Number of protein chains: 2
Amino acid sequence: MNSFTEENYLKAIYKLSLNGSQGVSTNAIADLLNTKPSSVTDMIKKLADKKLVSYQKYQGVDLTKKGKDIAISIIRNHRLWEVFLVEKLNFKWDEVHELAEELEHINTHKLTERLDEFLDFPKYDPHGDPIPDKDGKVAYHKDIALSDLKNEEKGVIVGVKEHSKSYLNYLEQLQLVLGTEVKVIDIVAFDSTMKILVNGKAVVISHQASKNLIVKSL
Amino acid sequence: MNSFTEENYLKAIYKLSLNGSQGVSTNAIADLLNTKPSSVTDMIKKLADKKLVSYQKYQGVDLTKKGKDIAISIIRNHRLWEVFLVEKLNFKWDEVHELAEELEHINTHKLTERLDEFLDFPKYDPHGDPIPDKDGKVAYHKDIALSDLKNEEKGVIVGVKEHSKSYLNYLEQLQLVLGTEVKVIDIVAFDSTMKILVNGKAVVISHQASKNLIVKSL
DNA sequence: TTTATTTTTTAGACTAATCTAAATTTATTT
DNA sequence: AAATAAATTTAGATTAGTCTAAAAAATAAA
Ligand SMILES: [Mn+2]
Ligand SMILES: [Mn+2]
Ligand SMILES: [Mn+2]
Ligand SMILES: [Mn+2]
């Protein structure tokens, strides 16, 4: 079996591979996991020995089929637990990520499947992220950020790209939760600050905030 | 915070301290945790540094208040998760121990309390073990084993002392589950093998099996 | 196309948890 | 009380994961 640490690396590599299509860079992994590039190199070697990644020095890493399967199953777990915590234990969406980071590693096929069934096979987690199905298929959103909308355009919020407590908490205060309709009513050319209409109220948010909100255009 | 390993040691020491009232011996801990006495000595020193146990060389260990509190909270967690797995996810009582061994270490006050509430504040786990309340109070059974009953005496099964899959599975086959009434109809003097009446059927079980069943005498 | 900068890897060291083998202390027998 | 056995501790190694500092390779700039 794989250690928690190995699993966290696989998950990080998987997530980073969704953006750039090239091999994932050592520094990017180090950044995401708050560790040092030298530690990443060490771990990559180990994962390569286990055939979970393919790797040539200085060229970055890619997950093998096996590595990708593991990464996706951990993400499946993570998101199912997040649904459980919010739906069944009444946690708020900004409280569940850290707990799910631990629960995701209790990785027994049977537990995952039972949990999925108990939750009635949810498709999305509390942050709008798609839950991989039991065969590992993931239904990604088409990635339109709120910041991609033009003036006067409307959208409905379907997800967030950033899971930090401070961000989610901030969104909630602005009533920018999943399912909310928004309309762009002004964009500052200088720094892309947006004024939007939320439940009838005008709200001003930074580009940093708007680019992490995923919307479905209306 | 404490590592999973440290928590497992604390739990082991707690459990062993329930029998003998003296300091818990190094070898007993090593046995229970399937590790070597020398490893135990090392860990004990670390726990002593953290003031979680009191310890003098060659004299065994005792938990401090702090150490005991941690041990009990882990056990509380363990048993709540077992209830969850059986009641909500439809696992059988012989399938949950290993999973709970992992879940118990995800030790957040809030998670435990929410889980307790979700489960409607259960008093006992699927094996009849008492669940410590949120202040750490534990309502232990008076420890009458089935093997303590005399011929012709009756009892109802309220718990098991041994949690192995093979034992629990065996009990289930014999219909010796929690709540079942039994009556002793014969005891072999030589080796204490018992013949008992279970749901109208006569069943023969070894002393090894009968001494691990906790009963309430009727 | 050299020079400078950035990225990545190596070398060597550290901590947590474990082990084997040897030494020491305690307990049990004679 | 001495000898033997059992329990416990120490000494020294090992593995996983991490780090800092230095070397090497790849990129970017001049
Ligand atoms: Mn999350
Ligand atoms: Mn999520
Ligand atoms: Mn258990
Ligand atoms: Mn139990």
Side-chain angles (χ1 to χ4, degrees), chain A residues 1-13 16-17 19-63 67 70-71 74 101-102 104-107, chain B residues 1-13 16-17 19-63 67 70-71 74 101-102 104-107:
Chain A
M1 258 307 89
N2 309 297
S3 67
F4 282 25
T5 308
E6 289 169 321
E7 291 183 350
N8 283 332
Y9 272 90
L10 292 174
K11 201 171 53 138
I13 295 166
L16 291 166
S17 75
N19 318 335
S21 56
Q22 306 288 30
V24 175
S25 83
T26 302
N27 274 358
I29 299 169
D31 265 23
L32 189 58
L33 295 180
N34 290 308
T35 184
K36 303 292 165 184
S38 54
S39 306
V40 173
T41 302
D42 285 347
M43 179 56 80
I44 284 171
K45 285 178 181 167
K46 199 182 351 164
L47 295 175
D49 285 347
K50 290 184 151 193
K51 315 258 186 226
L52 298 174
V53 302
S54 61
Y55 166 66
Q56 301 136 275
K57 272 190 198 177
Y58 296 101
Q59 300 308 125
V61 274
D62 290 288
L63 293 175
I70 294 171
I74 295 163
E101 277 301 317
E102 307 203 44
E104 69 188 0
H105 300 291
I106 297 168
N107 208 5
Chain B
M1 258 308 88
N2 310 296
S3 67
F4 282 26
T5 309
E6 289 169 321
E7 292 183 350
N8 284 332
Y9 271 89
L10 291 174
K11 201 170 53 140
I13 295 166
L16 291 167
S17 74
N19 317 336
S21 57
Q22 307 288 30
V24 174
S25 84
T26 301
N27 274 358
I29 299 169
D31 264 24
L32 189 58
L33 295 180
N34 290 309
T35 182
K36 301 294 166 185
S38 55
S39 306
V40 173
T41 301
D42 285 347
M43 179 56 80
I44 283 172
K45 285 179 180 167
K46 205 198 324 183
L47 296 174
D49 285 347
K50 290 184 153 193
K51 314 259 187 225
L52 298 174
V53 302
S54 61
Y55 166 65
Q56 301 136 275
K57 271 188 200 178
Y58 296 99
Q59 298 310 123
V61 274
D62 291 288
L63 292 175
I70 294 171
I74 295 164
E101 277 301 316
E102 306 202 46
E104 69 188 0
H105 300 292
I106 297 168
N107 206 5

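Chain naming here is simple, since letters A, B, ... match the order of the sequence lines and numbering starts at 1 in each. Keep in mind that this is a model prediction, so the values were computed, not measured.
- Spacing between atom CD of A:Gln22 and atom P of D:dT27 amounts to 11 Å, rounded to whole angstrom units.
- For B:Thr41, the side-chain atoms get nearest to D:dT9 when compared with the rest of D:dT9, D:dT18, C:dC19.
- Taking atom CG of A:Leu33 as the reference point, atom C1' of D:dT18 lies 13 Å away to the nearest angstrom.
- Within the 4.0 angstrom heavy-atom criterion, only backbone atoms of the sugar-phosphate kind lie near B:Thr5; the bases stay farther away.
- Checking the phosphate oxygens (OP1, OP2) of C:dT6, no side-chain nitrogen or oxygen of A:Asn27 falls inside 4.0 Å.
- A close approach under 4.0 Å does not occur between any side-chain nitrogen or oxygen of A:Thr35 and OP1 or OP2 of D:dT18.
- Atom CG of B:Asp42 and atom P of D:dT14 are 16 Å apart (whole Å).
- Going from atom CD1 of B:Ile29 over to atom C1' of C:dT18 covers 16 Å, rounded to whole Å.
- Remark: C1' of D:dT27 and CD of A:Gln59 are 12 Å apart, rounded to the nearest angstrom.
- Nucleotide C:dT30 forms a Watson-Crick or G-U wobble pair with D:dA1, both donor-acceptor distances falling under 3.5 Å.
- Annotation: A:Lys50, atom NZ; neighbour count of heavy atoms from other residues, nucleotides and ligands within 6.0 Å is above 12.
- Closest of all the heavy-atom pairs between B:Val24 and B:Ile13 is CG2-O, 3.7 Å.
- Atom OG1 of B:Thr26 and atom CE of B:Met43 lie 13.0 Å apart (nearest 0.5 Å).
- Distances were taken from every side-chain heavy atom of A:Lys36 (C-beta onward) to each of C:dT18, D:dT9, D:dT20; the shortest belongs to D:dT20.
- Backbone-only engagement by A:Tyr9 is indicated by non-hydrogen atom pairs under 4.0 Å involving sugar-phosphate atoms exclusively.
- Under 3.5 Å, the side chain of B:Ser38 and the base of C:dT20 form at least one donor-acceptor pair of N or O atoms.
- Out of C:dT8, C:dT26, D:dT9, the shortest distance to the side chain of A:Thr26 is found at C:dT8.
- Between the CZ atom of B:Phe4 and the C1' atom of C:dT18 there is a distance of 18 Å, given to the nearest Å.
- Between the NZ atom of A:Lys57 and the C1' atom of C:dT7 there is a distance of 14 Å, rounded to whole Å.
- The CD-C1' distance, from B:Gln56 to D:dT8, rounds to 14 Å in whole Å.
- One finds the CD atom of B:Glu102 at 11.0 Å from the NE2 atom of A:His105 (value rounded to the nearest 0.5 Å).
- Residues A:Asn34 and B:Pro37 both approach DNA chain D. Their nearest nucleotides, taken by heavy-atom distance, put B:Pro37 toward the 5′ side.
- Taking the side chain of A:Tyr55 as heavy atoms from C-beta on, and the options D:dT9, C:dT18, C:dT9, the nearest nucleotide is C:dT9.
- Across all strands shown, the partner of C:dA13 is D:dT18, judged by Watson-Crick or G-U wobble contacts whose two distances both fall under 3.5 Å.
- A distance of 10.0 Å separates CD1 of B:Ile74 from CD of B:Glu101, quoted to the nearest 0.5 Å.
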